[in-house]
Amino acid sequence: MSIVSTIQQSVTESLSALFSQKFTEKDFQVSETKPEFEGDYTIVMFSLVKLLKLSPDSIGNRLGEKLVADHPDFITGFNIIKGFLNVSIADNYWISLLSKNHGDENYGRRSPNGQKVMVEYSSPNTNKPLHLGHLRNNFLGWSVAEIYKANGFEVIKSCIVNDRGIHICKSMLAWKKYANGATPESTGIKGDHFVGDYYVRFEDDLKAESQVLINKIKLADLSDFSGAELLKLEKLLVDLTKLDEIKDEEKINKLHGEIRELSRACTSVIAEAKQMLLDWEDGKPEVIELWKKMNSWVYAGFDVTYKKIGSDFDRIYYESDTYLLGKNIVHQGLEKGVFFKKDDGSTWIDLTAEGLDEKIVQRRDGTSVYITQDIGLALQKYEQYKIDQSIYVIGNEQIYHMKVLKLICEKLGMPNAGNIFHLSYGMVELTTGKMKSREGTVVDADELVDEMVATSKQLTEELGKVKDFNEDDLKGLYDTLGLGAMKFYLLRVDPKKTMVFNPAESIDFHGFTGPFVQYTYARIKSILRKIADAEPVPDQDIKINSPLFKLEKDVIINLEQYPAALEEACIEHNPSIIANYIFNLAKSFNSLYTEHSVANAESEEKKQLRIQLAGMTANVIKSSMALLGIRVPERM
RNA sequence: GGACCGGUAGCUCAGUUGGAUAGAGCAUCAGCCUUCUAAGCUGAGGGUCAUUGGUUCGAAUCCAAUCCGGUUCACCA
């Protein structure tokens with residue numbers, strides 16, 4: 001039981017005894033005492049004042065005396081300031097917490113609860129390499145999975161690979177046109193980047209061709225358009241002339257954007273891509289063969305990146321397998337009356353009662369739309385794994401989509417549909433604004449990882465502390481530090497917030513960073529190694545005669561909070577709670593480290609105490625950093 | 001226009017079941033390495049918590065309105 005709930009319970013009992021009425025822990029608040037006051041925990045009197053119609057001081061005095069009398073081994077003193085009852089906790093309470101848990105590498109973790117949860121994350125497209133945004137997604141997903149495991153859940157990490165569709169055809173087309181049979185092997189380019197380059201090539205062609213069309217439109221030449229597109233275009237142009245008179249810049253821009261989109265859609269290269277997609281769906285052998293070949297290049301590239309950043313999956317779904325899954329669902333939905341058919345034959349769901357719109361679930365030609373596949377996959381996940389919860393790590397631009405998905409699953413009566421959770425995270429922006437692939441400002445994942453590792457190498461060499469390391473050790477250390485810095489940097493921010501990626505800040509290894517925590521760990525291990533070398537210490541209970549120093553107590557208080565932080569991170573689906581927690585723990589230990597020596601403590605008892613303190617801090621740092629996917633070095 | 005998310009120090013971020021004088025890192029300035037690793041520690045300056053009103057013993061936190069920024073509302077995925 002945590003110390004706060006222990007205090008709550010004691011206070012509840014004492015209050016009930018004092019005032020002969022029933023109290024619950026909701027009748028008052030317990031929090032840590034602010035550093036400028038004496039005491040460890042504070043009980044706020046004001047809510048009790050209302051209940052008891054007595055002055056804060058009177059309640060505080062009686063409660064404080066009662067608490068000390070009832071729990072002399074736990075609460076040793078109190079003071080009251082302006083309605084705040086500050087109580088002091090016995091040193092022995094902290095010391096026993098330490099002796100009990102200091103050697104437990106699983107401290108804070110919970111035993112299995114029998115619940116199964118699937119975390120879907122990463123979900124890449126097979127037409128380009130991973131970028132900074134994917135890194136945030138991967139680190140978040142992986143970390144949330146670990147946090148769930150630590151809270152007793154059985155976790156299945158999954159990934160849906162978007163390996164089909166018109167965007168995939170784009171890179172295939174460009175490769176056919178320009179590659180002359182080149183391969184990643186023949187060029188020495190990593191497979192995902194190799195394919196991505198052709199995707200860019202296609203986009204360049206598309207841009208050039210649509211620009212020609214736009215130029216023609218400007219000269220009132222609409223000969224390249226026909227049918228529905230022509231009508232739409234003419235309407236847009238009429239609207240545009242009207243707006244030109246009003247001078248509404250926003251609307252004019254919007255219209256220009258629509259014209260741009262329309263001309264893109266009417267290019268010959270898009271027509272080719274569409275044709276290729278049809279051929280793919282028909283199973284045309286040469287298309288399928290090329291598709292398989294190019295995807296295999298991408299997967300080879302992804303494997304390298306995933307391995308490097310430590311992402312892994314228990315189950316990988318491919319959209320090429322799942323994109324037809326929703327078909328049966330439409331039937332069922334119609335039978336259950338959840339869906340309805342419109343006159344043109346398309347199938348819909350009415351979500352207006354939920355404050356949303358009508359959403360289409362099947363086109364009039366009978367083909368599935370995006371959401372239908374997702375429903376199919378959601379059901380398949382449940383059927384295959386009987387999961388209790390399903391977590392989707394997807395960017396916040398899909399909040400609406402995921403809301404619809406969850407609602408539909410609930411209406412279809414899918415088991416545990418209520419436990420679908422969209423872990424939506426904010427975009428990663430640059431100091432110069434958003435990343436835009438068309439402007440080439442996208443930060444490539446592989447490049448970034450390499451830079452971080454190179455930075456850690458450079459800084460390590462400058463400090464020159466590990467000159468005796470062999471080459472493998474060094475390489476391992478650079479990876480540990482570089483990736484640690486990057487993961488910590490991306491995970492320390494609340495997932496749901498848009499965050500700014502500042503390159504200069506990201507390679508800073510001081511302050512609120514991964515390497516700061518890693519350094520604390522390495523120093524502790526160094527101390528413990530030296531002590532153990534000198535004289536192996538037996539594990540023992542500690543009795544000390546001198547009081548705990550504030551700095552010692554601060555560290556123990558931090559350690560006591562680990563289980564609570566772990567639980568909160570799980571409930572909130574939020575690794576940044578862990579990151580903030582570890583940083584505070586490391587900081588408190590560093591302060592202690594500077595002020596009080598472990599090896600040369602003033603007494604043998606204090607030495608034993610600090611050995612346990614250091615050991616437990618190291619354990620908690622190691623296991624909590626592991627929840628973020630960050631390794632800690634024994635030396636650095 | 002509707003819906004959702006955000007606005008806290010120069011910058012990046014904590015802090016929301018309402019609590020004491022709003023915190024941390026970076027940056028700036030001033031100190032600390034013959035003593036367990038200075039990737040560290042100690043201290044200083046820096047704030048109308050977007051604005052206005054309300055709720056109450058008490059509001060960054062709850063409510064309302066307004067302003068600013070973002071996302072979204074496709075027979076695209």
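Labels below follow one simple rule: chain letters A, B, ... track the order of the sequence lines, proteins then strands, and each chain is numbered from 1.
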Which of the following nucleotides, [options], is nearest to the side chain of [X]?
| X | options | value |
| --- | --- | --- |
| A/Lys496 | B/U16, B/G40, B/A20 | B/U16 |
| A/Asn590 | B/G40, B/G25, B/A14 | B/G40 |
| A/Arg364 | B/C36, B/A77, B/C75 | B/C75 |
| A/Val493 | B/A20, B/C13, B/G40 | B/C13 |
| A/Val598 | B/G40, B/C36, B/G19 | B/C36 |
| A/Phe84 | B/A14, B/A20, B/A77 | B/A20 |
| A/Tyr370 | B/C5, B/C57, B/A77 | B/A77 |
| A/Trp348 | B/C13, B/C75, B/A77 | B/C75 |
| A/Ile81 | B/A20, B/U37, B/C75 | B/A20 |
| A/Gln29 | B/C13, B/C75, B/G19 | B/G19 |

Atom [atom1] of [X] and atom [atom2] of [N]: how far apart are they, to the nearest Å?
| X | N | atom1 | atom2 | result |
| --- | --- | --- | --- | --- |
| A/Ile578 | B/C13 | CD1 | P | 20 Å |
| A/Phe516 | B/C26 | CZ | C1' | 13 Å |
| A/Ile168 | B/C76 | CD1 | C1' | 14 Å |
| A/Glu595 | B/G40 | CD | C1' | 13 Å |
| A/Arg523 | B/U35 | CZ | C1' | 14 Å |
| A/Ile399 | B/U72 | CD1 | C1' | 8 Å |
| A/Lys359 | B/A3 | NZ | C1' | 12 Å |
| A/Asp365 | B/C75 | CG | C1' | 8 Å |

Report summary line: Taking for A/His167 and for A/Phe37 the nucleotide of RNA chain B with the nearest heavy atom, the one nearer the 5' end belongs to A/Phe37

Report summary line: Closest to the 5' end of RNA chain B, once A/Val30 and A/Phe583 are matched to their nearest nucleotides, is A/Val30

Report summary line: Exactly one candidate in A/Phe512, A/Phe509, A/Phe139 meets ring-ring contact (aromatic ring centres under 6.0 Å, His included) with A/Phe488; the answer is A/Phe512

Query - Base orientation of B/C33, syn vs anti, 90° cut from 0 - result: syn

Mind checking the [atom1] distance from [N] to [M]? Whole angstroms is fine.
| N | M | atom1 | answer |
| --- | --- | --- | --- |
| B/G7 | B/C29 | P | 31 Å |
| B/U12 | B/A3 | C1' | 29 Å |
| B/G2 | B/U8 | C1' | 29 Å |
| B/A14 | B/A24 | C1' | 7 Å |
| B/G18 | B/U56 | C1' | 10 Å |
| B/U48 | B/A59 | C1' | 15 Å |
| B/A9 | B/G46 | P | 14 Å |
| B/G6 | B/G10 | P | 23 Å |

**Report entry** Aromatic ring proximity, centroids under 6.0 angstrom, A/Phe28 and A/Phe23
**Finding:** no

Requested in this report: Answer yes if the ring centres of A/His596 and A/Phe549 are under 6.0 angstrom apart, and no otherwise.
Outcome: yes

Under 4.0 Å, counting only non-hydrogen atoms across every strand here, what does [X] touch: a base, just sugar-phosphate, or nothing?
| X | value |
| --- | --- |
| A/His596 | base |
| A/Thr513 | nothing |
| A/Ser576 | nothing |
| A/Glu319 | sugar-phosphate |
| A/Val44 | base |
| A/Phe512 | sugar-phosphate |
| A/Met427 | nothing |
| A/Val500 | sugar-phosphate |
| A/Ile166 | nothing |
| A/Asn86 | base |
| A/Asp494 | sugar-phosphate |
| A/Asp508 | sugar-phosphate |

Query raised in the report: So, do A/Tyr478 and A/Thr460 sit near enough that their side-chain heavy atoms are less than 4.5 Å apart?
Result: yes

Query raised in the report: A/Val453 versus A/Met486: any side-chain heavy-atom pair under 4.5 Å?
Result: no

Is [X] near enough to [N] that one of its side-chain N or O atoms lies under 4.0 angstrom from OP1 or OP2?
| X | N | answer |
| --- | --- | --- |
| A/Arg492 | B/G25 | no |
| A/Lys530 | B/C36 | no |
| A/Ser526 | B/U37 | yes |
| A/Ser591 | B/U42 | yes |
| A/Asn600 | B/U35 | no |
| A/Tyr400 | B/A74 | no |
| A/Lys587 | B/C41 | no |

Requested in this report: Look at the rings of A/Phe421 and A/His573 and say which category their plane angle falls in: under 30° parallel, 30 to 60° tilted, over 60° perpendicular.
Outcome: parallel

Query raised in the report: Do A/Thr594 and B/A38 share a donor-acceptor pair, side chain to base, under 3.5 Å?
Result: no

Query - Pair of N/O donor and acceptor under 3.5 Å linking B/A74 base with A/Asp357 side chain - result: no

Requested in this report: Give the minimum heavy-atom separation between A/Ile578 and A/Ala565, together with the two atoms involved.
Outcome: CD1-O, 4.1 Å

Report task. For B/A27, give its Watson-Crick or G-U wobble partner with both distances under 3.5 Å, or none. Result -> none

Report summary line: For B/G45, the nucleotide meeting Watson-Crick or G-U wobble distances (both under 3.5 Å) is none

Report task. Check whether NZ of the Lys or CZ of the Arg A/Arg523 lies under 6.0 Å from the centre of the six-membered ring of A/Tyr593 and within 45 degrees of that ring's axis. Result -> yes

Report task. Using a strict cut-off of less than 4.0 Å between a Lys/Arg side-chain nitrogen and an Asp/Glu carboxylate oxygen, indicate whether A/Glu358 and A/Lys342 qualify as a salt bridge. Result -> yes

Query raised in the report: Between A/Ser31 and A/Thr42, do the side chains contain an N or O donor and an N or O acceptor separated by less than 3.5 Å?
Result: no

